[in-house]
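Values below: every heavy atom of this structure, side chains too, minus hydrogens, waters and symmetry copies. All chains are named by letter (A, B, ...) in the order of the sequence lines, taking the proteins before the strands, and each is independently numbered beginning at 1.
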Amino acid sequence: MFTLKRTHTCGALRASDAGQTVNLNGWVEAVRDQGSVAFLVLRDRYGQTQVVFRKDFDEALLKRAQSLRAEFVVAVRGVVKARAAEAMRKEQPTGEIEVEAKQLEILNEAAVPPFEVSEHVQVSDETRLKYRYLDLRRKPMQRNMITRHKVLAAFRESMDRQGFLDLDTPVLIKNTPGGARNFLVPSRLWEGQFFALAESPQIFKQLFQVAGMDRYFQVCKCFRDEDLRADRQPEFTQFDLEMSFVDESDVQAAVEDAVANVFKKVLGVELKRPFPKMTYAEAMDKYGSDKPDIRFGLHLVDVSELARTSSFRVFSEAVAGGGIVKGLCVPGGGGMSRKEIDDLTTLVKGVGAKGLVWLKGEGGTLGGSSAKNFKPEELAAIREKMGAKDGDILFFVADEKGRCKVALGGLRTHLGAKLKLIKEGTWEPFWVVEFPMFEEGPEGKPQAKHHVFTSPKPEDLDLLEKEPLKVRARAYDLVLNGVELGGGSIRIHRKDVQRRVLAVIGLDESNIREKFGFMLDAFDYGAPPHGGIALGVDRFVMLLLGLDTIRDVIPYPKTQKGQCLMQNAPSGVIQRQLDELHIRLKQPPQETKM
RNA sequence: GGGGGCGUAGCUCAAUUGGCUAGAGCAUCGGAUUGUCGAUCCGAAGGUUGCGGGUUCGACCCCCGUCGCCCUCGCCA
């Protein structure tokens with residue numbers, strides 16, 4: 001029986017509705033039983049409304065209300081009443097009214113839930129994921145999902161306004177080398193052959209440009225069979241776009257419009273545009289990260305020149321060996337305990353540095369256990385260079401160039417959080433540009449830093465074969481609050497350049513033919529200059545909500561080991577399915593009941 | 001594949017050096033209650049201490065193995 005279909009949601013009624021007869025549907029949040037009067041709090045996605053049952057009004061109805069339990073699904077018919085002044089709850093949206101019940105339908109009973117469906121209760125991730133549908137019923141998760149929707153809506157609105165076409169691309173695609181490990185899907189029709197789940201729509205969106213679609217976008221699932229992190233899931237969502245006849249500034253302007261629209265619609269925040277830019281080299285030099293959090297200072301300072309001639313051999317030998325010495329100055333950090341410093345040393349070593357040298361500003365010079373290794377005039381020069389004052393603490397790492405920056409960058413990020421240097425509630429998106437095309441892979445072989453379709457800067461083309469590691473790419477990353485929101489590039493649109501780049505990463509002609517032949521063929525038929533970008537939706541929503549894991553903004557996420565605890569996936573299959581797929585397991589199949 | 005943290009009642013946690021009947025809050029169940037709103041009060045029930053093995057007179061605690069969750073390095077163009 002379901003006759004009392006709702007006339008209002010549980011968040012709708014106000015004092016101005018007093019006197020109306022209404023129907024409400026929802027879940028039982030609580031029954032506060034006072035004996036001769038009982039209050040039922042009814043909940044749905046839109047809010048909560050209090051329903052009153054009284055003995056002197058309808059004793060039988062009160063009895064039934066008292067039998068309700070948490071999470072029962074009910075329908076109520078009643079009259080909206082303004083509450084007495086002393087019963088008003090101004091802090092609740094529906095706090096000025098209540099509904100006096102006339103009829104009650106129990107639409108469904110509910111078992112006692114494994115945890116309270118409440119925003120106050122703390123539950124382990126494990127339990128939450130197993131009963132995700134109950135977790136999602138909790139207010140914070142409903143808020144997260146609603147925000148997620150708003151982000152997507154604002155993004156799509158901007159894309160539509162700018163003339164982008166929402167086109168979809170296949171999920172089942174060809175397995176291609178490089179980049180993330182693919183999930184493989186065996187083919188029933190083609191024995192021994194496999195599809196891959198798309199790790200991104202990259203090639204297809206570029207071919208849309210060859211096809212003359214001009215402006216394409218998609219909110220798109222991507223799949224990567226790599227290990228998980230708090231901000232990484234095997235299945236995640238990207239805002240993806242690609243456009244023709246453009247350079248970097250056009251793509252950036254298009255994305256900025258979308259990102260700014262999201263901030264405006266979701267947070268009511270107006271972002272300053274255009275977003276500032278920082279070169280990769282500057283990001284690494286000043287922050288020791290390619291996605292620095294610029295909401296606080298603590299810049300890295302290079303003291304290699306002072307270190308070169310230093311009497312402290314850790315410094316001078318590092319420079320002599322081709323390394324560098326950099327430091328950062330923590331204003332007022334002089335009170336840090338030995339234990340705290342030791343913990344920081346452990347942290348820095350964990351990122352690969354050999355150690356951490358520290359000095360404290362005191363008595364107009366620098367002190368601390370390492371100070372004895374320096375001459376007084378060296379200490380003065382370091383103090384000067386670092387801009388240190390009495391009461392500050394200085395940290396130094398002497399190491400190979402890359403390791404030094406990354407280690408100190410890690411220390412900087414850690415200190416920013418630990419010392420609460422971050423201005424919360426501020427949003428400073430910016431572009432990191434001029435990435436190197438390649439980085440050194442295993443065995444010193446160059447590999448693409450972004451991806452193999454990224455265009456080199458024209459002025460660096462000559463270096464492609466001679467000094468590939470010096471070639472800069474027409475790539476850009478969008479960084480916000482220390483999180484890489486996404487990245488993109490202007491693509492190669494000429495076959496000859498594409499061939500050269502593929503050759504640099506070590507693909508020979510037959511390999512190129514086999515893996516990317518169709519792409520190069522397409523470029524034979526008139527590929528326009530084009531470029532694009534992809535943003536991580538889950539990370540974006542996480543940032544906007546101030547959360548620290550994307551699991552809380554993904555409706556049905558996987559665990560750290562990549563399982564779905566609700567479905568118990570992955571799971572075994574029956575022999576017949578394997579036979580159809582022409583697959584023989586090394587171990588006999590673990591059959592699951594189906 | 002490596003490092004770290006955790007696993008005790010439905011949920012979140014406690015239990016001194018290995019020692020008394022493994023406790024608390026919330027939830028649940030029963031009772032009381034005519035203005036509650038994270039209701040309150042009284043009472044009750046609730047345990048394979050993840051699982052398997054070992055050491056010991058005695059194990060939540062120590063050892064070995066195993067399973068699961070989380071963080072992290074590698075990995076993620």
Side-chain angles (χ1 to χ4, degrees), chain A residues 29-43 48-57 59 62 66 69-71 81 83-92 94-95 98 100 111-131 134-135 139 176-182 199-200 202 222-234 236 346-347 349-352 406 410 435-439 441-442 446-454 473 475 477 484 487-489 501 505 534 536 548-549 551 558-563 565 568:
Chain A
E29 167 84 7
V31 182
R32 289 187 284 268
D33 181 3
Q34 302 274 292
S36 297
V37 58
F39 302 93
L40 161 67
V41 180
L42 211 52
R43 176 212 325 127
Q48 303 185 346
T49 301
Q50 175 165 287
V51 181
V52 195
F53 298 82
R54 309 168 77 96
K55 186 177 179 182
D56 52 18
F57 190 83
E59 188 166 2
L62 171 69
Q66 286 165 335
R69 292 294 176 265
E71 306 312 321
K81 300 265 166 137
R83 295 195 197 179
E86 63 275 14
M88 291 254 192
R89 283 294 180 276
K90 287 271 156 50
E91 68 279 8
Q92 301 169 2
T94 61
E98 61 194 6
E100 198 169 79
V112 176
F115 54 86
E116 276 180 84
V117 180
S118 138
E119 55 189 305
H120 310 289
V121 112
Q122 291 243 331
V123 198
S124 71
D125 277 25
E126 198 171 349
T127 310
R128 289 173 58 198
L129 289 176
K130 185 167 175 191
Y131 302 94
L134 292 181
D135 188 33
K139 198 171 175 185
T176 50
R181 184 182 296 118
N182 285 316
E199 63 183 51
S200 94
Q202 185 62 33
C222 301
F223 306 87
R224 297 180 183 176
D225 189 5
E226 298 292 347
D227 284 2
L228 290 81
R229 291 285 187 281
D231 63 350
R232 268 164 40 190
Q233 284 271 311
F236 63 101
T346 308
L347 179 105
K349 283 183 174 166
V351 194
V406 170
F435 277 83
M437 264 301 273
F438 305 101
E439 59 193 351
Q447 55 180 242
K449 189 161 173 77
H450 186 54
H451 58 58
V452 293
F453 311 116
T454 300
D477 274 5
E484 180 196 326
S489 63
V501 167
I505 63 162
D548 46 22
T549 168
R551 284 192 302 275
K558 308 281 189 288
T559 67
Q560 212 268 339
K561 284 275 171 63
Q563 287 183 301
L565 291 184
N568 259 320

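A/Arg32 places its CZ atom 17 Å from the P atom of B/U34, with the value rounded to the nearest Å. Nucleotide B/C37 holds its C1' atom 10 Å from the CD atom of A/Gln34, rounded to whole Å. Atom pair A/Asp125:CG and B/C11:P shows a separation of 14 Å (rounding to whole Å applied). Distance, A/Phe39 CZ to B/U34 P: 11 Å, rounded to whole Å. The distance from atom CZ of A/Arg128 to atom P of B/C70 is 11 Å, rounded to the nearest whole Å. Atom-to-atom, CG of A/Asp231 to C1' of B/U72 comes out at 12 Å; the value is rounded to the nearest Å. What separates CZ of A/Arg232 from C1' of B/G74 is a distance of 10 Å, to the nearest Å. Across the protein-nucleic acid pair, A/His120 atom NE2 and B/G25 atom P stand 19 Å apart, rounded to whole Å.
With a cut-off of 3.5 Å on both Watson-Crick or G-U wobble distances, the partner of B/U56 is given as none. Nucleotide B/G30 forms a Watson-Crick or G-U wobble pair with B/C42, both donor-acceptor distances falling under 3.5 Å. For B/U16, there is no paired nucleotide, since no Watson-Crick or G-U wobble pair has both relevant distances below 3.5 Å. Using the Watson-Crick or G-U wobble rule with both distances under 3.5 Å, B/U66 pairs with B/G50. Checking B/G25 for Watson-Crick or G-U wobble geometry (two distances, each under 3.5 Å) identifies B/C11 as its partner.
Here the nucleotide nearest the side chain of A/Ser36, chosen from B/U33, B/U34, B/C11, is B/U34. Which of B/C11, B/C37, B/C75 sits closest to the side chain of A/Phe115 comes down to B/C11. Out of B/C70, B/U36, B/U12, the shortest distance to the side chain of A/Arg551 is found at B/C70. The nucleotide whose nearest atom lies closest to any side-chain atom of A/Val123 is, among B/C69, B/U12, B/C76, B/U12.
Going from the P atom of B/G1 to that of B/U8 covers 26 Å, rounded to whole Å. When the C1' atom is compared between B/A9 and B/G3, the two are found 33 Å apart, to the nearest whole Å. Here, B/A44 and B/A27 have their C1' atoms 14 Å apart, quoted to the whole Å. B/U34 and B/G23: their C1' atoms are spaced 37 Å apart (whole Å). Using atom C1' as the reference point in both B/C67 and B/C26, the two lie 29 Å apart (nearest Å). Look at the C1' atom in both B/U21 and B/G54: the space between them is 27 Å, to the nearest Å. Comparing the same atom, P, in B/U72 and in B/G25 gives a spacing of 36 Å after rounding to whole Å. Across B/G19 and B/U56, the matching C1' atoms stand 12 Å from one another, rounded to whole Å.
Shown here is A/Lys139, whose NZ atom has no more than 12 heavy atoms of other residues, nucleotides or ligands within 6.0 Å.
Between A/Val31 and A/Glu199, the residue anchored closer to the 5' end of RNA chain B is A/Val31, taking for each the nucleotide with the nearest heavy atom. Mapped onto RNA chain B by nearest heavy atom, A/Gln92 and A/His451 fall at different nucleotides, with A/Gln92 at the one closer to the 5' end.
When heavy atoms are screened at a 4.0 angstrom cut-off, A/Gln50 is found touching base atoms of the nucleic acid. Across all strands shown, A/Ala180 has heavy atoms under 4.0 Å from sugar-phosphate atoms exclusively, and none from any base. Residue A/Leu565 is in sugar-phosphate contact alone, with no base atom involved, counting any heavy-atom pair closer than 4.0 Å across all strands shown. Residue A/Asp56 is in base contact, counting any heavy-atom pair closer than 4.0 Å across all strands shown. Counting non-hydrogen atoms under 4.0 angstrom, A/Glu98 reaches a base of the nucleic acid. Using a 4.0 Å heavy-atom distance criterion, A/Lys55 is classed as making no nucleic acid contact. Among the atoms of the strands shown, only primed sugar atoms or phosphate atoms (P, OP1, OP2) are found under 4.0 Å from some heavy atom of A/Ala230. Note on A/Glu86: nothing from the nucleic acid sits closer than 4.0 angstrom, heavy atoms only. Within the nucleic acid shown, A/Ser200 comes within 4.0 Å of at least one base atom, counting heavy atoms only.
Between A/Glu439 and A/Lys449 there is a salt bridge, since a side-chain N of the basic residue sits under 4.0 Å from a carboxylate O of the acidic one. A/Glu226 has a carboxylate O that lies under 4.0 Å from a charged side-chain N of A/Arg181, or vice versa, which qualifies the two as a salt bridge.
Residue side chain A/Arg83 reaches the base of B/C37 through a donor-acceptor N/O pair under 3.5 Å, judged by distance alone. Taking only distance into account, the side chain of A/Arg89 never meets the base of B/G38 through a donor-acceptor pair shorter than 3.5 Å. Residue side chain A/Arg224 does not reach the base of B/C76 through any donor-acceptor N/O pair under 3.5 Å, judged by distance alone. Checked by distance alone, A/Glu116 brings no side-chain donor or acceptor within 3.5 Å of a matching partner on the base of B/U28.
A pairwise comparison of heavy atoms in A/Arg83 and A/Thr94 identifies NH2-O, 4.1 Å as the closest pair. When all heavy atoms of A/Gly35 and A/Leu62 are compared, the pair lying nearest together is O-CD2, 3.5 Å. Among all heavy-atom pairs drawn from A/Pro234 and A/Leu228, the shortest one is CD-CD2, 3.2 Å. Closest non-hydrogen pair, A/Thr176 versus A/Asn182, comes out as O-ND2, 3.5 Å.
OP1 or OP2 of B/U12 sits under 4.0 Å from a side-chain N or O of A/Ser124. Contact annotation: A/Arg69 reaches the phosphate of B/C29 (side-chain N/O to OP1 or OP2, under 4.0 Å). Under 4.0 angstrom from either OP1 or OP2 of B/C69 there lies at least one side-chain N or O belonging to A/Gln563. The side chain of A/Arg229 contributes an N or O atom lying less than 4.0 Å from OP1 or OP2 of B/C73.
Annotation: the span from A/Glu116 atom CD to A/Glu71 atom CD amounts to 9.5 Å, rounded to 0.5 Å.
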>> Does A/Val501 form a side chain to side chain contact (heavy atoms under 4.5 Å, CB included) with A/Phe438? I'd like the steps, not just the answer.
In response: CA-CA 10 Å; A/Val501 167; A/Phe438 305 101; 4.2 Å; yes

